[in-house]
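Below: one structure, written as structure tokens.
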Number of protein chains: 2
Amino acid sequence: MDDVRWLTDGEQEIWRAYMTASVEFSAYVDRQLRRDSGMPMAYYEIMVRLSEAPGRCLRMSELADASLFSRSRLSHAVAALEKNGWVHRRPADADRRGWICALTPAGFEALAAAAPGHVTAVREHLFDVLTPEQLDTLREIGRAISSGLRTECDTARAEDAAACEAGDAERGTAAEEDGSDDPRGMAGAC
Amino acid sequence: MDDVRWLTDGEQEIWRAYMTASVEFSAYVDRQLRRDSGMPMAYYEIMVRLSEAPGRCLRMSELADASLFSRSRLSHAVAALEKNGWVHRRPADADRRGWICALTPAGFEALAAAAPGHVTAVREHLFDVLTPEQLDTLREIGRAISSGLRTECDTARAEDAAACEAGDAERGTAAEEDGSDDPRGMAGAC
DNA sequence: TACGTGTGGTTGAACTTTCAATACCAGCGC
DNA sequence: GCGCTGGTATTGAAAGTTCAACCACACGTA
């Protein structure tokens, strides 16, 4: 019970610095998106993932994994996006349990309109304030934390995740056309 | 309009690594707290701040600043904490606009019970997976981002924040006694 | 073919957060 | 004192998230 390895003062300092920055930064970015584009960051995230996918559409479960959403959260979020006309659901043709979520032209436009402000916010408050070395380290830190979370009890999950790689079927019915100029979806938009 | 400095592929990689880790990590920590202690991380955060304050109490506005909550969010959260009996509000005696929020003995106990699991989660998934050099850099990264966010339009705020340092009045009516053993509140508990 | 199990996805209720509006009080100028 | 301006805190409604069922279908097995 009392063999807890409490944080030292130095660790405490690191922890607070990290948490504070992380909370402040994401609050800033989220407010920027809500204010300037009327969408929370979570929706932006979903639409970016869709925009990068072949045909600008993904199965719900793939979209959930890509955007780190729980299935339930994604269902609700997609329902809201659909109400906005930014996204559209249709049944998957190979597996009758599944649904394909596709970005609509209006959704792509909304995303394209939101991206410049968002990217600018990220650049100014993340990339411009850190040195190249710090940025390198940040990438490594991110990787280390993420991979650390995929161990332990989750080991089981990690194991059968290895056997995974299918799922690229269906999706053929490509999203509605859209005379857009960006050949790679909205990649680069964060 | 098109002078947006889009992210390069390398920057994209850094951004994704950071965001992924940040989201996964905080989701993990939050779920750990909810599952094992029945409180969201936000509540834990509030109670830690209170536990560290002299007399284990703070004015609502000070608490909001300390925990990075908006005032409205804090009002709602404290209302919930109060319903749980973990916290208690009384009017500030010097300034009749203000309210003092105090940690109750039950609140302190709940915090003390939650801390070991939380600290362990943080240690195992943050401190144990990073090298000392990475941790040093993480602290600097945090500081750089936070201070970068306190410039620009917020410059005004930063200015009058300098003139601030009062606010240590009232608070005398110290929180209910509590035969606890930890002399420094719950500092070290993250 | 029928059954049991597991996956994909949705739903409703409870909870949390945001946003805008409100009430209340302090401090200042007159 | 009186009105003004600004700070402190709360409120209610709307939006978003979590949690625990739940339904429908796929797949393996008998």
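Below, chains carry the letters A, B, ... as their sequence lines are ordered, and counting in each starts from 1.
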Atom pairs, N/O to N/O, protein against nucleotides 22-28 of chain D, distance under 3.5 Å?
| residue | atom | partner | partner atom | Å |
| --- | --- | --- | --- | --- |
| D:dA26 | OP1 | A:R96 | N | 3.4 |

* First and last nucleotide of DNA chain C touching chain B, 5' to 3', heavy-atom cut-off 4.0 Å? -> C:dT16 to C:dA26
* Under a 4.0 Å N-O cut-off, is there an ion pair linking B:R5 with A:E124? -> no
* Does any pair with a residue in residues 31-44 of chain A pass salt bridge (Lys or Arg N to Asp or Glu O under 4.0 Å), and if so which ones, sequence neighbours excluded? -> A:D30-A:R34
* Touch check for B:R35, heavy atoms < 4.0 angstrom, all strands: base, sugar-phosphate only, or nothing? -> nothing
* Structure fact -> In whole angstroms, the gap separating C1' of D:dT17 from CG of B:D30 amounts to 11 Å
* Using the test side-chain contact (heavy atoms from CB on, under 4.5 Å), find all partners of B:T8 that sit at least two apart in sequence or belong to another chain. => B:E11
* Using the test side-chain hydrogen bond (donor to acceptor under 3.5 Å, both in side chains), find all partners of A:R89 that sit at least two apart in sequence or belong to another chain. => A:E82
* Structure fact -> Comparing B:Y43 with A:W99, nearest DNA chain C nucleotide closer to 5' gives the residue A:W99
* To do: Using the test side-chain hydrogen bond (donor to acceptor under 3.5 Å, both in side chains), find all partners of A:S146 that sit at least two apart in sequence or belong to another chain.
  => B:E24
* Between D:dT8 atom P and B:D93 atom CG, what is the distance in whole Å? -> 16 Å
* Once you round to the nearest 0.5 Å, how far does SG of A:C101 lie from CD1 of A:I46? -> 7.5 Å
* To do: Report the end-to-end axis angle of the helix from C:dT1-D:dA30 to C:dC30-D:dG1; each axis comes from five terminal pairs, and the value is rounded to 10°.
  => 10°
* Could you identify which residues of residues 71-78 of chain B place a heavy atom less than 4.0 Å from some atom of DNA chain C, listed by residue number, or say none? => B:S72, B:R73, B:H76
* Asked: Across the strands shown, which category fits A:R31 at heavy-atom distances under 4.0 angstrom: base, sugar-phosphate, nothing?
  -> nothing
* Structure fact -> side-chain contact (heavy atoms from CB on, under 4.5 Å) filter on B:A80, not counting sequence neighbours, yields B:Y43
* Asked: OP1 or OP2 of D:dA9 sitting under 4.0 Å from any side-chain N/O of B:R59?
  -> yes
* Looking at residues at least two apart in the chain, or sitting in another chain, which of them share a side-chain contact (heavy atoms from CB on, under 4.5 Å) with A:H76? -> A:S72
* **Partners passing side-chain contact (heavy atoms from CB on, under 4.5 Å) against A:N84 (at least two apart in sequence or in another chain)** => A:W86
* Contacts of B:R96 that satisfy salt bridge (charged side-chain N to carboxylate O under 4.0 Å, His left out) - sequence neighbours left out -> none
